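The block underneath contains the structure these notes are about, expressed in structure tokens.
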Amino acid sequence: METKNNVFSNEKITVTYEPRCCINAELCAKQLSEVFRHSVIPWIDLDAAKNKKIIKQINRCPSGALKYYFNQKEVA
């Protein structure tokens, strides 16, 4: 899993986190704690669950601080 400041990627998806938008409802950590972890860096581990489950949880984010997109496959 590749990480940059608040950008987390695996082979298929990239997740972005905008802390200024976050209202700290903690739904992500409460409902999918194996991916969205409180006291571990990096705090998002995209290898801990299936992409479909991660996307479903991101769509529940009340503030929109968590977003995702599908990675483009490079064509040679």
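The shown structure was predicted, so the numbers you read here are calculated from the model rather than taken from an experiment.
- Applying the side chain to side chain contact (heavy atoms under 4.5 Å, CB included) criterion to Glu11, with sequence neighbours excluded, gives no partner residue.
- Interatomic distance, Ile13 CD1 to Ile55 CD1, rounded to the nearest 0.5 Å: 5.0 Å.
- At a threshold of 4.5 Å between non-hydrogen side-chain atoms, the residues Asn59 and Leu66 do not count as touching.
- For the side chain to side chain contact (heavy atoms under 4.5 Å, CB included) test, residues two or more places apart in sequence or in another chain that qualify with Leu27 are Ala25, Gln31, Gln57, Pro62.
- A 4.5 Å side-chain heavy-atom check between Cys61 and Phe36 finds every atom pair outside the cut-off.
- Asn51 and Asn10 share a donor-acceptor pair across their side chains, judged by distance under 3.5 Å alone.
- The residue from Ile44, Asp45, Leu32 that alone fulfils the side-chain contact (heavy atoms from CB on, under 4.5 Å) condition with Arg37 is Asp45.
- Residues passing the side-chain hydrogen bond (donor to acceptor under 3.5 Å, both in side chains) test with Glu26, sequence neighbours excluded: none.
- Under the side chain to side chain donor-acceptor pair (under 3.5 Å) criterion, the residue pairs touching residues 12-21 are Ser9-Thr14, Thr14-Asn71, with sequence neighbours excluded.
- With sequence neighbours excluded, the residues satisfying ring-ring contact (aromatic ring centres under 6.0 Å, His included) with Phe70 are Tyr68.
- More than 12 non-hydrogen atoms from other residues, nucleotides or ligands lie less than 6.0 angstrom from CD of Glu34.
- Applying the salt bridge (charged side-chain N to carboxylate O under 4.0 Å, His left out) rule to Lys56 yields no partners; only residues at least two apart in sequence or on another chain are considered.
- Legend: residues meeting side chain to side chain contact (heavy atoms under 4.5 Å, CB included) with Ser33, ordered by chain and number and at least two apart, are absent.
- Separation of atoms CD1 (Ile58) and SG (Cys28) is listed at 9.0 Å; rounding is to 0.5 Å.
- Two residues are said to be in side-chain contact when any heavy atoms from C-beta on lie closer than 4.5 Å; Ile54 and Lys52 fail this criterion.
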